[in-house]
Amino acid sequence: MNMKLRVWRQSSPDAKGALKEYAATDVSPDMSFLEMLDELNERLMEQGEVAIAFDHDCREGICGSCGVMINGVAHGPMKGTATCQLHMRSFKDGDTIVIEPWRAAAFPVVKDLVVNRGAFDRIIQAGGYVSVATGAAKDANSIPVPKEDSDAAMDAAACIGCGACVAACPNGSASLFTAAKVSHLGLLPQGQPERYRRALKMVAQMDLESFGGCTLFGECMEACPKEISIDFISRMNRDFLVGAATAPMERGGGED
Amino acid sequence: MPLSLDSRMPAGPLADKWDKHRFDMKLVNPANKRKYTVLVVGSGLAGASAAASFSEMGYNVRCYCYQDSPRRAHSIAAQGGINAAKNYQNDGDSIQRLFYDTINGGDFRAREANVYRLAQISVRIIDQCVAQGVPFAREYGGLLANRSFGGAQVSRTFYARGQTGQQLLLGAYQALEKEIAKGGVTMYPRAEMLDLIVVNGRARGIVVRDETTGTIEPHLADAVVLATGGYGNVFYLSTNAKGCNTTAIWRSYKRGAAFANPCYTQIHPTCIPVAGEHQSKLTLMSESLRNDGRVWVPKRTDDIAKAPGSIAESDRDYFLERKYPSFGNLSPRDIASRAAKEVCDEGRGVGPGGRGVYLDFADAINRLGENKIRERYGNLFEMYERITDENPYRVPMRIYPAVHYTMGGLWVDYNLMSTIPGLHVAGEANFSDHGANRLGASALMQGLADGYFVLPNTIGDYLASNKLDPVPVDAPEVRAAVADVQARTNRLLSIKGKRTVASFHRELGKIMWEYCGMARDAAGLSKAIELIPRLREEFWAGVNVPGSGSDLNQTLEYAGRVADFLELGELMCRDALHRNESAGGHFRTEYQTPDGEALRNDDEFAYVAAWEYGGEGAAPILNREPLVFENIKLSQRSYK
Ligand SMILES: Cc1cc2nc3c(=O)[nH]c(=O)nc-3n(C[C@H](O)[C@H](O)[C@H](O)COP(=O)(O)OP(=O)(O)OC[C@H]3O[C@@H](n4cnc5c(N)ncnc54)[C@H](O)[C@@H]3O)c2cc1C
Ligand code: FES
């Protein structure tokens, strides 16, 4: 197959970027999307040009490194599929494919298709954990967890932190990402002691970063390669409200 | 002078060694801990768990990873599970049995005391992870579920669907972020360690290149921990993430750390076969699938092109069940991989190029129903279908062995310290616990044991036992290491040759797979030892690295990694050539039993081969650490 590509090139964070046209030739339907970009980069470099920068690592849809807008859709046309798991059989000979980085104020472009997603790490730092120091745990089976709860926690914990939810959201909100972590931990008995305060702090951090507000459009869930449900956002909002109601008490108790 | 390979193995009975050692080690006073700085290179299971634990104890920590976030370390991709001797299933498991299985599975090429400690610690890892909120699979009664993995007859593997590594890593990552928020850890993402700084014979820092700005700077400290993962990508195609590399441990080797058993490579039997020249990596199908999938090929070569469903039961060869009746489809990886290669070599392989065998779930689906299978392996089946466009609920999967894990790594003593004092090595980057073959679900266990429980004890002993004067930033050793990195970077950028980095990497991979892969022999290895230096020369004369060194340049990063692989590959071949025996993943065709199993030579080779850098252009020097077995009798492995 042969395709026309229009790829976002931007040499540095402050440089002005633009879409540049390339031809992708001899594309095999069994190639992954990133392998198609690899081949293009090989040819560009053979001509002495600088390769198109894009993040990737596991190429198994689990590390969350990859992710580009493909014809305006985060991770491209296949539902529940990260960019690295998308294969060229999803396209036809003669197609034009527009490839751009995530577009969100909170994710500044580093170069070409690479963005800075450090804001996600800072949201986790705000409270996305259980405060248990190494060695302080008791026997793993001492607290039974209903299978339904642990399965639901796993559904939320499956988030790979790729940022597609933010890129897909018309407001650039990080609510699905944040809600996934709030719910994962909040659904488990181990996460209860910090549950409401966690929701409060993570949401506060989300607001401090340049993410937009959530108006429950649902675009995030559509784009999510792990198909994480927006029901978790309602859950987060409830925990946030409880947290806000009890916050003065928290303050009285002092910060850690 | 030969290197000192003192394993610092504590005396006394096996079961008491670790406790005794913990008592004998020196402690750092709590108020003094913050005066010490420890660098942790790597944020995978081993690195993240170590960095978080050090910080909880009060040390000053700096942690590095090459990805944009520590959460993306390659550990995230582990699928199947983590072992622990909990015996929750009451099926006869114990610390002793996990110890025995691991030594036996490693074909008697690991240290008894290390492996015993690993088995002891395994139970606490599960406790720790559950407390962090790792959503392991559970039974309806609310207790933890287990599955079986290869090389064991008990069910001791804990799992979180097909995403165990992800959930364990997120647990460790969250602990790390908690400590970053507290100020105990400073995180350096998109940062690459390009050299080790050794001052007065001790590891005192690293040289780091910031991948986004290109800045090259020294980072100084009291101790350094490398947790930089495995080097399977020396084969170009492997199940490892694209960025996995040997740079940190290789550059440390060149600064004096011994490299142990570099030739011990694990080839995993169940991976999706190569689809074409464009292939950039291989995808693992978790070993857990062998709990329910049956491996077979047609009995007759005439049947290989037929639709698998049309081949009668009596015309199928379930070769693992036939050859290894007591372990069957759950035979250890090295054995299962070789068996698959053998039937393909006989012309009975299926799929393109005849390089594939079936992994068939039809029986399990009939017995348990499609839903049960979906619940157990849904995400793996989906991944398979996405890649191959075939539905494994309807037609059997096609699988073939692929490079997966490296048992070799930097030599470490019982304290996980390398031959350079102050340089500690954890996780896949060290050689410690798996001998010549790693059992499934044991890498996650080892990485977390090293990071949560071993290093937090042993690092204090090192710091408390040694007087560590501050190293000035302008010390000659520091300046020299920085200048070396700078010069190397400039050189890569200035060659401006005709060939791409990937073309060299592919060529190296082909040499390694052909001559140092699943089956090796003296003639092939000798040939590889001629070919690799030639390729290396071509690389330094003809590689093309476009772009500059002062911004994000992924080609430059890649070139540095491939340059190191081009040196490591040769050492692997030399190690494989010197080891005139077969053991675990190292199969020398000259040394096999009459029925084709690995034939060890315990009289001559029951040792760890620790290679010492001999200098530019000189041959590496072999040092031997004898392996002494006091608790397990050396025997020929049998899974029949
Ligand atoms: C597909 C797959 C599935 C697997 N499944 C299982 C399983 O089910 N059970 C099991 O027990 N094992 C499994 N394994 C093996 C296991 O995942 C790995 O051995 C283990 O996770 C390695 O952990 P680590 O912490 O040592 O290294 P890694 O997780 O590889 O982390 C390495 C870290 O080092 C950093 N790094 C590397 N080089 C540099 C450098 N030069 N400078 C700065 N940072 C650097 C990286 O950024 C990363 O943070 C699997 C492996 C693969 C490939
Ligand atoms: S590269 Fe890891 S999710 Fe795509």
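Note that this is a predicted model, so its numbers are computed, not measured.
Using a 4.5 Å cut-off between heavy atoms, B:F136 touches chain A through its backbone atoms (N, CA, C, O) alone. If you measure heavy-atom distances from A:M78 to chain B, the contacts under 4.5 Å come from the side chain alone. Looking at B:E382, neither its backbone nor its side chain comes within 4.5 Å of chain A, counting heavy atoms on both sides. With a threshold of 4.5 angstrom between heavy atoms, A:S28 approaches chain B through side-chain atoms but not through N, CA, C or O. For A:V145, the parts sitting under 4.5 Å from any heavy atom of chain B are the backbone and the side chain alike. Using a 4.5 Å cut-off between heavy atoms, B:D389 contacts chain A through both its backbone and its side chain. The part of A:D38 that comes within reach of chain B is its side chain, from C-beta onward, which places non-hydrogen atoms under 4.5 angstrom from that chain. Looking at A:V115, the atoms closer than 4.5 Å to chain B (heavy atoms on both sides) all sit in the backbone: N, CA, C or O. Only the side chain of B:T555 comes within less than 4.5 Å of a heavy atom of chain A; its backbone N, CA, C and O stay farther away. Within the 4.5 angstrom heavy-atom criterion, no atom of A:A126 approaches chain B. Only the backbone of A:S11 has a heavy atom closer than 4.5 Å to any heavy atom of chain B. Neither the backbone nor the side chain of A:I123 comes within contact range of chain B, judged by heavy atoms closer than 4.5 Å. B:K496 does not touch chain A: none of its heavy atoms, backbone or side chain, sits under 4.5 Å away.
The distance from the CD atom of B:Q166 to the CD1 atom of A:I62 is 3.5 Å, given to the nearest 0.5 Å. Of the inter-residue distances, the one linking B:Q554 atom CD with A:N41 atom CG reads 8.5 Å to the nearest 0.5 angstrom. Separating the NZ atom in A:K181 from the CD atom in B:Q174 is a distance of 4.0 Å, to the nearest 0.5 Å. To the nearest 0.5 Å, the span separating CZ on A:R59 from CG on B:L282 amounts to 12.0 Å. Taken from SG in A:C84 to NZ in B:K281, the straight-line distance is 8.5 Å, to the nearest 0.5 Å. Interatomic distance, A:S32 OG to B:H278 NE2, rounded to the nearest 0.5 Å: 7.0 Å.
Most heavy-atom pairs under 4.5 Å with chain B, from the set A:P189, A:G127, A:C159: that is A:C159. Listed options A:R89, A:Q190, A:K138 were ranked by heavy-atom pairs under 4.5 angstrom with chain B; first place goes to A:R89. Ranked by heavy-atom pairs shorter than 4.5 Å toward chain A, the options B:P546, B:A77, B:A175 are led by B:P546. With respect to chain A, the highest number of heavy-atom pairs below 4.5 Å among B:V123, B:T388, B:T212, B:L169 belongs to B:T388. Between chain B and the options A:D112, A:I124, A:L44, A:L86, the largest number of non-hydrogen pairs under 4.5 Å is found for A:I124. Comparing A:A137, A:P144, A:A140 by how many heavy-atom pairs each has under 4.5 Å with chain B, the most go to A:A140. Most heavy-atom pairs under 4.5 Å with chain A: of the set B:Q279, B:Q163, B:Q128, this distinction falls to B:Q128. Comparing B:T239, B:L170, B:I180, B:I126 by heavy-atom pairs within less than 4.5 Å of chain A, the highest count is held by B:I180. Interface check for chain A: of the options B:R499, B:M383, B:R124, B:H74, the most heavy-atom pairs under 4.5 Å are formed by B:M383. When each of B:Y88, B:Y140, B:Y452 is scored by its heavy-atom pairs under 4.5 Å with chain A, the top score falls to B:Y88. Each of A:Q85, A:Q125, A:E42, A:E49 has some count of heavy-atom pairs under 4.5 Å with chain B, and the biggest count is that of A:Q125. For the set A:V132, A:L187, A:D139, the entry with the most heavy-atom pairs within less than 4.5 Å of chain B is A:D139.
Within a 6.0 Å radius of CD in B:E277, no more than 12 heavy atoms belonging to other residues, nucleotides or ligands are found. For A:D26, the CG atom sits in a loose shell: 12 or fewer heavy atoms of surrounding residues, nucleotides or ligands are nearer than 6.0 Å.
Between B:D68 and A:R117, at least one side-chain N (NZ, or NE/NH1/NH2) sits under 4.0 Å from a carboxylate O, which counts as a salt bridge. Between A:K147 and B:E375, at least one side-chain N (NZ, or NE/NH1/NH2) sits under 4.0 Å from a carboxylate O, which counts as a salt bridge. Using a cut-off of 4.0 Å between Lys/Arg side-chain N and Asp/Glu carboxylate O, A:D155 and B:R161 are scored as salt-bridged. Between A:D55 and B:R190 a salt bridge is recorded (basic side-chain N to carboxylate O distance below 4.0 Å).
Taking both residues in full, the closest heavy atoms of B:S53 and A:T134 are given as OG-OG1, 2.8 Å, listed atom of the first, atom of the second, then distance. Pairing each heavy atom of A:V130 with each of B:Q132, the nearest pair is CG2-O, 3.5 Å. The shortest non-hydrogen separation linking B:R138 to A:N141 is NH1-OD1, 4.5 Å. Closest of all the heavy-atom pairs between B:L552 and A:A53 is CD2-CB, 4.2 Å. Between B:T500 and A:M45, the closest heavy-atom pair is CG2-CB, 4.2 Å. Residues B:P70 and A:D121 approach most closely at CD-OD2, 4.0 Å, considering heavy atoms.
Side chain of A:D57 to main chain of B:G243: a donor-acceptor pair is present (N/O by atom type, distance under 3.5 Å, no hydrogens or angles). Not a single donor-acceptor pair under 3.5 Å links the side chain of A:H184 to the backbone N or O of B:P135.
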### Query
Step by step, would you call A:C63 with B:Q67 a side chain to side chain contact (heavy atoms under 4.5 Å, CB included)?
CA-CA 10 Å; A:C63 73; B:Q67 296 91 344; over 6 Å; no
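Tested against B:S280 for a side-chain hydrogen bond (donor to acceptor under 3.5 Å, both in side chains), the candidates A:E35, A:H56, A:E39 yield a single pass: A:E35.
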